[in-house]
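The block underneath contains the structure these notes are about, expressed in structure tokens.
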Amino acid sequence: MALTIVISDRDAATKLVTVVGKLDTTTSPQFDEDVAPALSAGASVTVLDLADLSYISSAGLRSVFKARKMMESKGGALLLVNVQPQVQKVFEIVKAMPVQTVFRSVTELDQYLDYMQKKVKDGAEPT
Amino acid sequence: MEVRFEIPNSAIEYEPARDRLLEHFQAAGLSEEAICELELILEELLVNIISYAYDEPGTGKIQISAGVEGSTVTLEFRDRGRKFNPLEKETPDLDADIEDRPIGGLGIFLVMELASSVTYERVGDENVLRVAKG
């Protein structure tokens with residue numbers, strides 16, 4: 001299988017989507033379909049764990065953009081973690097993601113999510 | 001080292017053609033990183049040609065050749081479809097917010113960034129696209 005998607009609950013507000021394999025012309029329709037349930041669930045944050053994503057092409061980028069738009073249209077966010085260098089390079093060339101949505105490690109991601117939760121608790125709108 | 005072959009313009013032909021070329025690059029001893037970038041170049045160009053060169057899938061041919069000399073790779077794609085220069089696609093405005101920019105030209109933009117040179121030429125009734133990567 002060229003692409004495997006596993007969706008789990010990280011916590012009540014966060015869906016974790018593990019993406020394994022390649023995101024290209026052939027597999028991106030499957031990505032759209034498999035990730036849709038995570039995006040339409042009640043969670044305000046969807047995290048894509050890309051530790052085992054070895055390749056992305058423009059077709060894959062389109063799918064990630066679409067997912068990001070869907071999360072943002074409901075006031076949520078799509079975050080990326082563990083992006084591998086060869087995939088990171090493609091994101092950087094096209095300036096695909098705002099820097100504040102890409103995290104090198106789960107530790108960095110956790111720090112950000114903790115920060116956002118505190119912000120929400122303090123009554124401020126997450127940005 | 002050179003490899004040359006022809007495929008029909010059908011979407012299902014992409015993967016076997018890609019695998020054949022990537023095996024060739026591996027056999028030529030190119031680095032993992034170079035092969036990954038070559039795959040990206042290949043996918044963006046070949047999928048584009050398969051989709052747009054001819055009106056009907058399966059009615060035309062695409063000739064592919066790849067050569068490796070040291071760490072320099074050359075690729076050539078030829079088809080007899082309508083005159084089509086993929087490089088004329090508008091460069092996406094990368095500074096615009098993603099919501100405000102069309103996604104279309106991203107593939108070609110990636111190719112231009114990763115390759116050392118990309119040229120298009122109409123020769124007789126053929127589209128000839130040549131790529132070099134150092």
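Chain letters run A, B, ... following the sequence lines, proteins first and then strands; every chain starts at 1.
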task = Determine, using the 4.5 Å side-chain heavy-atom cutoff (strictly less than), whether B/L87 and B/I62 are members of one ILVMFWY cluster.
result = yes
query = From B/E15 CD over to A/T25 OG1, what is the distance, rounded to the nearest 0.5 angstrom?
reply = 9.0 Å
inquiry  = To the nearest 0.5 Å, what is the distance between OG on A/S57 and CG on B/L42?
reply    = 11.5 Å
key: Shortest non-hydrogen contact from A/S54 toward B/C36   = O-SG, 4.2 Å
ask   = Can you find a heavy atom in the side chain of A/K89 that is under 4.5 Å from one in the side chain of B/L110?
value = no
4.5 Å side-chain heavy-atom contact, A/I93 and B/L114 = yes
task = Could you tell me which non-hydrogen atom of A/Y55 sits nearest to which non-hydrogen atom of B/L40, and how far apart they are?
result = OH-CA, 3.2 Å
ask   = Is B/V118 linked to B/Y120 within one hydrophobic cluster, defined over Ile, Leu, Val, Met, Phe, Trp and Tyr using a side-chain heavy-atom separation of less than 4.5 Å?
value = yes
key: Salt-bridge criterion met for A/K22 and B/E43 (N-O under 4.0 Å)   = no
message = Would you say that more than 12 heavy atoms from the other residues, nucleotides or ligands in this model lie under 6.0 Å from the CD of B/E2, or not?
response = yes
request  = Can you establish whether the number of heavy atoms outside B/F5 located under 6.0 Å from its atom CZ is more than 12?
outcome  = yes
key: Exceeds 12 heavy-atom contacts within 6.0 angstrom, atom CD of B/E6   = yes
query = Has B/R82 got more than 12 heavy atoms of other residues, nucleotides or ligands less than 6.0 Å from its CZ?
reply = yes
